[in-house]
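Take a look at the structure below.
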2 protein chains.
Amino acid sequence: MTEQTQKTEKQIFAEFLARKNLRDTSQRELILDEFLRREQHISAEELYDVVKQRDRTIGQATVYRVLKLLCEAGLAREVNFGDGTMRYEHEFGHEHHDHLTCTACGKTIEVVDPAIETLQKALAEKYGFCLLNHEMYLYGTCAECQGR
Amino acid sequence: MTEQTQKTEKQIFAEFLARKNLRDTSQRELILDEFLRREQHISAEELYDVVKQRDRTIGQATVYRVLKLLCEAGLAREVNFGDGTMRYEHEFGHEHHDHLTCTACGKTIEVVDPAIETLQKALAEKYGFCLLNHEMYLYGTCAECQGR
DNA sequence: AAAGCAATTGAAATTCATTATCAATATCAC
DNA sequence: GTGATATTGATAATGAATTTCAATTGCTTT
């Protein structure tokens, strides 16, 4: 199951590079591979750490550069939890979603509510706006953390 | 009209300082006064620029420090538009609201939709969370910018 | 396979927002 | 007033992200 998905994502990246006349390098492949391995959002620095374990010579600037490319290619998405560090999550195969985060333990769940999406669109239109996209972050206490 | 509001906000700050055993300094008063003068959200650096015009000797670290205090006192609120700079807006006398921003001209409108708020709470509860607060940023094209 | 050129890389320097340090100064309770 | 201590401004430091640049590499053309 994951194999099929990974193959497809790697294909997409290869096609993206070809289309943009960019080169297919071992560093780019390695970084994408490590990025795909983890399902949760990850920061550039964290990804740099794990990538370094496979190739000690890789530079952190390269990790930052590749994450930018992955976003352009539609494979990654930036998420900003407001702690000063940008994080990246998988975009491909993950439909649009918002985040529900526990302020006690930090656990984050991906959520979607079609009714909210509809109301957001209506709200924007009420002010004459054509809604392009949105971000919604819900913060609360999860079930486990409530039991304390 | 503004006088009454400002007097009250300054009182709140004075009380906050007294309660916390902090001192009432001319710098803190000046920064609060300048902050209250503008209705739109402002960055620490921008506030520093305008404050400097009234007191050339003020340090920017002090502006950062006072903004932190204003948030603690419930007079200011941090907003993060994801451009790497934290901005601050009035909290007192402004009920909770979200933001609708035009991606073309940057204009931002404060919006609230009670129906969305209700659904957010319900959504969180569906996952066993007790919702504490949230942030919602809507991005689109405003009426004027659509006419191009 | 060789050659050439532009894209890519890693290391280090740089930027930008924000925070910490610290000696000098100002505030406020007494 | 006086003294303990909070506050300040200047500056250094931090941390995330970007830029610079010379050396290297990938890819196209022979």
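A note on names: the letters A, B, ... follow the listed sequences, proteins ahead of strands, and every chain is numbered from 1. Both backbone and side-chain heavy atoms feed into the values below; hydrogens, waters and symmetry mates do not.
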**OP:** Note down the inter-axis angle between the two ends of the helix from C:dA1-D:dT30 to C:dC30-D:dG1, five pairs each, to the nearest 10°.
**Re:** 30°
**OP:** Identify, residue by residue, the members of residues 55-65 of chain B with a heavy atom below 4.0 Å from DNA chain D, and return them in order of residue number, or none.
**Re:** B:Thr57, B:Ile58, B:Gly59, B:Thr62, B:Arg65
Original post:
Between A:Tyr88 and A:Phe35, does the ring centre distance come in under 6.0 Å?
Top reply: no
Original post:
A:Asp49 CG to D:dG15 C1': how many Å, rounded?
Top reply: 14 Å
Original post:
Okay, side chain of B:Glu29, backbone of B:Ser26: is any donor-acceptor separation there less than 3.5 Å?
Top reply: no
Original post:
Do the two ring centres, one from A:His96 and one from A:His134, sit under 6.0 Å apart?
Top reply: yes
Subject >> chain B contact limits on DNA chain C, taken 5' to 3' with a cut-off of 4.0 angstrom to heavy atoms >> reply: C:dA17 to C:dC28
**OP:** Would you mind reading off the distance between B:Tyr48 atom OH and D:dT11 atom P, rounded to a whole angstrom?
**Re:** 11 Å
Original post:
In this structure, are over 12 heavy atoms from other groups packed under 6.0 Å from B:Lys121 atom NZ?
Top reply: no
**OP:** State yes or no: do B:Met136 and A:Tyr137 share one hydrophobic cluster built from I, L, V, M, F, W and Y residues joined by side-chain heavy-atom distances below 4.5 Å, directly or via other members?
**Re:** no
Original post:
According to the interplanar angle, ranging from 0 to 90°, do the rings of A:Phe13 and A:Phe16 count as parallel (below 30°), tilted (30 to 60°) or perpendicular (above 60°)?
Top reply: parallel
Subject >> Transitive ILVMFWY side-chain link B:Tyr64 to B:Ile58, under 4.5 Å >> reply: no
Subject >> Sub-4.0 Å heavy-atom contacts from residues 76-91 of chain B onto DNA chain C, ordered by number >> reply: B:Gly84, B:Thr85, B:Met86
Subject >> Any residue meeting side chain to side chain donor-acceptor pair (under 3.5 Å) with B:Asn80, in chain and number order, not counting sequence neighbours >> reply: none
**OP:** On the 0 to 90° scale, with breaks at 30° and 60°, tag the A:Phe81-A:His99 ring pair as parallel, tilted or perpendicular.
**Re:** perpendicular
Subject >> Contacting residues from residues 19-31 of chain A, given that a heavy atom lies under 4.0 angstrom of DNA chain C >> reply: A:Leu22, A:Arg23, A:Thr25, A:Gln27, A:Arg28
Original post:
Are B:Leu17 and B:Leu30 co-members of a hydrophobic cluster defined by side-chain heavy atoms under 4.5 Å apart?
Top reply: yes
Original post:
How many angstroms lie between CG in A:Leu138 and OG1 in A:Thr101, if you round to the nearest 0.5 Å?
Top reply: 8.0 Å
**OP:** Say whether, by atom type as modelled, one donor and one acceptor occur between the side chain of A:Gln27 and the main chain of A:Asp55 under 3.5 angstrom.
**Re:** no
Original post:
Does B:Arg38 reach the main-chain N or O of B:Leu47 with its side chain, forming a donor-acceptor pair under 3.5 Å?
Top reply: no
Original post:
Can B:Leu131 be reached from B:Ile116 by stepping across I, L, V, M, F, W or Y side chains whose heavy atoms are under 4.5 Å apart?
Top reply: yes
Subject >> Among B:His94, B:Glu89, B:His90, side chain to side chain donor-acceptor pair (under 3.5 Å) partner for B:Arg77 >> reply: B:Glu89
